[in-house]
Amino acid sequence: MRPLVCFIATSLDRYIAGPAGEIDWLFNDQDYGYTQFVAGVDTVVMGRKTYDICLTFGEYPYPSMPNYVWSRTRQGKDTHATFVFGDIAELLKRLKQHEGKTIWLVGGSALVGEAITHNLLDELIVSVHPIVLGNGVPLFPRGLPKRQFQFIKSEPFNSGLVQLTYHRAG
């Protein structure tokens, strides 16, 4: 079974985006392991708001692999993605059973919450930026069930960013 991994950035106060979805506070001064991580990915799953942010990047960042977007407002396909309406856990279970590389759960918060609720998230790689946003989109939505993760490693960078890696316990 292939792994479902959330590789994501957060502020010190656990926000993945500002109140209006802004991500301009994210460091882009170095790679932070991104290139190596993406080389091991062949499927991308994200929420619709995250997808909309990706569309503002100019060139779409994940054109060479299947992209699934969990959405309550869109259905069907477009140039970059297949939109998934309804039970995202069923899609994640099905994708995990297919042959292939890592499935990247890009974000956002509701999607991360669904993966944790259904105990489908195998690994969590969190890049903690040394900034307090004060408000925004939380990494984890409220009301999740208790789930145990095992600490694997931490990697500090000279920018002040610290990358934490956890595996699902058990």
Side-chain angles (χ1 to χ4, degrees), residues 1-11 13-19 21 23 26 33-34 36-57 60-128 136-153 163-170:
M1 190 175 289
R2 63 194 193 143
L4 176 65
V5 178
C6 181
F7 183 98
I8 200 162
T10 184
S11 63
D13 50 350
R14 301 181 332 252
Y15 293 111
I16 58 175
I23 57 171
L26 294 173
Y34 173 83
Q36 181 180 356
F37 174 76
V38 172
V41 170
D42 69 357
T43 305
V44 172
V45 181
M46 67 184 83
R48 200 253 325 139
K49 292 176 187 173
T50 301
Y51 180 71
D52 288 346
I53 291 170
C54 287
L55 293 177
T56 69
F57 294 163
Y60 188 72
Y62 321 113
S64 64
M65 60 186 84
N67 286 243
Y68 296 92
V69 176
W70 185 38
S71 176
R72 293 180 183 102
T73 59
R74 292 179 70 178
Q75 294 183 26
K77 291 184 177 188
D78 74 3
T79 306
H80 306 293
T82 300
F83 295 90
V84 179
F85 183 82
D87 189 358
I88 191 65
E90 285 306 313
L91 172 68
L92 295 175
K93 288 175 189 175
R94 194 169 62 244
L95 290 174
K96 286 178 68 143
Q97 291 176 1
H98 290 154
E99 290 290 320
K101 297 179 180 181
T102 296
I103 305 161
W104 181 13
L105 194 155
V106 179
S109 183
L111 183 57
V112 172
E114 286 294 312
I116 289 174
T117 295
H118 295 282
N119 207 25
L120 296 170
L121 189 62
D122 298 300
E123 187 173 3
L124 184 58
I125 303 168
V126 182
S127 294
V128 182
V137 179
L139 172 57
F140 302 114
R142 293 191 182 276
L144 293 178
K146 182 178 179 181
R147 296 285 185 244
Q148 197 72 31
F149 285 83
Q150 178 184 4
F151 173 75
I152 301 300
K153 69 177 181 175
Q163 195 168 78
L164 305 168
T165 302
Y166 297 90
H167 286 176
R168 182 178 58 201

* Kindly check if the number of other-residue, nucleotide or ligand heavy atoms within 6.0 Å of CZ (Arg2) is above 12? => yes

* Asked: Aromatic rings Tyr166 and Phe151: how do their planes relate, parallel, tilted or perpendicular, breaks at 30° and 60°?
  -> perpendicular

Between [X] and [Y], what is the shortest heavy-atom contact and its length?
X	Y	value
Asp122	Pro3	OD2-CA, 3.3 Å
Arg48	Ser71	CG-OG, 3.6 Å
Ile103	Val45	CG2-CG2, 3.8 Å
Gly21	Ile53	O-CD1, 3.4 Å
Val5	Leu121	C-CD1, 4.2 Å
Ala115	Leu4	CB-CD2, 4.0 Å

Nearest 0.5 angstrom please: [X] [atom1] to [Y] [atom2], how far?
X	Y	atom1	atom2	answer
Leu91	Glu114	CG	CD	12.0 Å
Met65	Asp42	CE	CG	7.5 Å
Lys153	His167	NZ	NE2	9.0 Å
Lys93	Gln97	NZ	CD	9.0 Å
Ile125	Thr165	CD1	OG1	5.0 Å
Thr102	Lys96	OG1	NZ	10.5 Å

* All ring-ring contact (aromatic ring centres under 6.0 Å, His included) counterparts of Phe83, not counting sequence neighbours -> Tyr51

* **Arg72 to Trp70, cation-pi by 6.0 Å centre distance and 45° axis angle** => yes

Under 3.5 Å donor-acceptor pairs involving side-chain atoms of residues 137-147, not counting sequence neighbours:
from	atom 1	to	atom 2	distance (Å)
Arg147	NE	Ile116	O	2.9
Arg147	NH2	Thr117	O	2.6

* To do: Could you walk me through whether Ile88 and Tyr68 pass side-chain contact (heavy atoms from CB on, under 4.5 Å), step by step?
  => CA-CA 10 Å; Ile88 191 65; Tyr68 296 92; 5.9 Å; no

* To do: Assess whether side-chain contact (heavy atoms from CB on, under 4.5 Å) is satisfied between Tyr60 and Thr79, documenting all intermediate values.
  => CA-CA 10 Å; Tyr60 188 72; Thr79 306; over 6 Å; no

* Verdict with reasoning, Cys54 to Tyr62, per side-chain contact (heavy atoms from CB on, under 4.5 Å) -> CA-CA 9 Å; Cys54 287; Tyr62 321 113; 3.9 Å; yes

* Within a strict 4.5 Å, meaning less than it, do heavy atoms of the Thr43 and His98 side chains meet? -> no

* **Side-chain touch Met46/Val69, heavy atoms, less than 4.5 angstrom** => yes

* Test log, rule side-chain contact (heavy atoms from CB on, under 4.5 Å), inputs Val38 and Phe7 -> CA-CA 10 Å; Val38 172; Phe7 183 98; over 6 Å; no

